[in-house]
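Read the structure below first, then the notes.
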Amino acid sequence: MKRFLGSLVIAAAVIGIAFSALPASAADFPSKPVLAVVPFSPGGGNDIVIRLVAKYITPALGQALVVENKPGAGGQIGWTALAKARPDGYTIGATSQPSMVLVKALRGNVPFELGDFKYICNFQIDPLIWAVNKGSKFKSAADVVDFAKKNPGKLNVAGDGPQSNVQLQHLINEKALAMKSNFVPYSGSGPALTALMGDQVDIALTTMSAAASHVESGRIVPLVMFYDEKIEGAEVKSSKEVFGKAIPSAGTAMRGVAAPKNVDPKVAAALEKAFEEVTKNPEFKKQAKSLGLIIKFIGSKESQKLVEESNAIVEEYKSLF
């Protein structure tokens, strides 16, 4: 009898350990902090917006969002880590289109597929603009195009690159405007703008958020925004308004989050709801505006469609690289 009771105790302990090792159900999600992998260095656009979201998301999510930077290879290292993470919702990652698509389209042996992710949402738009120094000889975007056409290959355009969303937009601009110029790649938008303000280049193609503080201080002037939809708070004229024609805005940075593809749909929905709630928070919106961040929320289905659209445009233009 003692031996039998002992066996029952052991069996019960084993079962208890087994059940305790099982992940919490989707109904309990989240029961601990959620990790957000940022595949870029601290201080960049993706890092800034995710950390701002993390500051406000706890009431909406019910747990903290912990940010971890995994930079390297243009985002490839961080996105690979995300693709291989447990699909339990406790590891998500920052996404940025078309950068994810470009990494996959322009490189060999990339250890993740675009289908390895469940795209939760997007919440920031960061269009690209042409910017010049305040004292530049170019007073309008038309002046830039006119100079480039009359002096092929002599206009120097600074931008984040190479093989970046910025260079993609540069190549699209050249084709659409029938102009030829030199793309001068820098390690980020910051160094590109530094080069502009140091008169090392003629113009810069950069994100609105990166240029915001310099525009506000009066050091640089935006000439045109390569994004045709109306954006609340954006005072720069669109390329369609300036040039009278639609120019694909494939280089626009569209930032959000994704989880590994096999995440429980209920967990994905809980994450989507929490991020949407943050984007409606007045204090979050106020601080985002002060940082030059344009917030526009789209859900999971639209985010998946965005990846497909980005992929189609990159496939169309990648031969230009």
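Judged by distance alone, the side chain of Asp146 and the main-chain N or O of Ala142 form no donor-acceptor pair under 3.5 Å. Checking side-chain atoms of Asn281 against main-chain N and O of Phe284 turns up a donor-acceptor pair under 3.5 Å. A donor-acceptor pair under 3.5 Å is formed between the side chain of Asp202 and the backbone N or O of Asn156. Checked by atom type and distance alone, the side chain of Asn133 never pairs as donor or acceptor with a backbone atom of Ile220 at under 3.5 Å. Remark: the backbone N or O of Gly115 is not paired with any side-chain donor or acceptor of Lys261 at under 3.5 angstrom. No donor-acceptor distance shorter than 3.5 angstrom exists from the side chain of Asp126 to the backbone of Ala253, with no hydrogens or angles considered. Side-chain atoms of Ser310 do not come within 3.5 Å of backbone N or O of Val307 as any donor-acceptor pair. Using modelled atom types, no side-chain atom of Asp116 and backbone atom of Phe112 make a donor-acceptor pair closer than 3.5 Å. Without hydrogens or angle criteria, Ser136 side chain to Val132 main chain gives no donor-acceptor distance under 3.5 Å. At least one donor-acceptor pair under 3.5 Å links the side chain of Lys245 to the backbone N or O of Ala176.
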Next item on the list: Check the pair Leu291 / Val49 against side chain to side chain contact (heavy atoms under 4.5 Å, CB included), numbers first and verdict last.
Entry: CA-CA 9 Å; Leu291 294 172; Val49 72; over 6 Å; no
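Leu128 and Val184 fall into different hydrophobic clusters, where Ile, Leu, Val, Met, Phe, Trp and Tyr are joined by side-chain heavy atoms under 4.5 Å apart, directly or via other members. Side-chain heavy atoms closer than 4.5 Å link hydrophobic residues (I, L, V, M, F, W, Y) into clusters, and following such links, possibly through other members, connects Ile247 to Met179. The hydrophobic cluster containing Tyr317 also contains Phe243, counting ILVMFWY residues as joined when their side-chain heavy atoms lie under 4.5 angstrom apart, directly or transitively. Residues Leu193 and Val224 do not share a hydrophobic cluster, clusters being chains of Ile/Leu/Val/Met/Phe/Trp/Tyr side chains in contact below 4.5 Å. One hydrophobic cluster, built from ILVMFWY side chains closer than 4.5 Å, holds both Val278 and Val34.
Below 30°, between 30° and 60°, or above 60°: for Phe275 and Phe123 the angle between ring planes is below 30°, a parallel geometry. Relative ring orientation between Phe183 and His170 is described as tilted, the plane-to-plane angle lying within the 30° to 60° band.
Geometrically, Lys266 does not engage Phe29 in a cation-pi contact, judged by NZ or CZ lying under 6.0 Å from the ring centre and within 45° of the ring axis.
Inspection of the Ser303 and Asn122 side chains reveals an N or O donor paired with an N or O acceptor under 3.5 Å. With no hydrogens or angles considered, a side-chain donor-acceptor pair links Asp228 and Ser239 at under 3.5 Å. Side-chain atoms of Asn165 and Gln169 form no donor-acceptor pair, as typed in the model, at a separation below 3.5 Å. If you check the side chains of Tyr90 and Ser31, you find a donor sitting under 3.5 Å from an acceptor.
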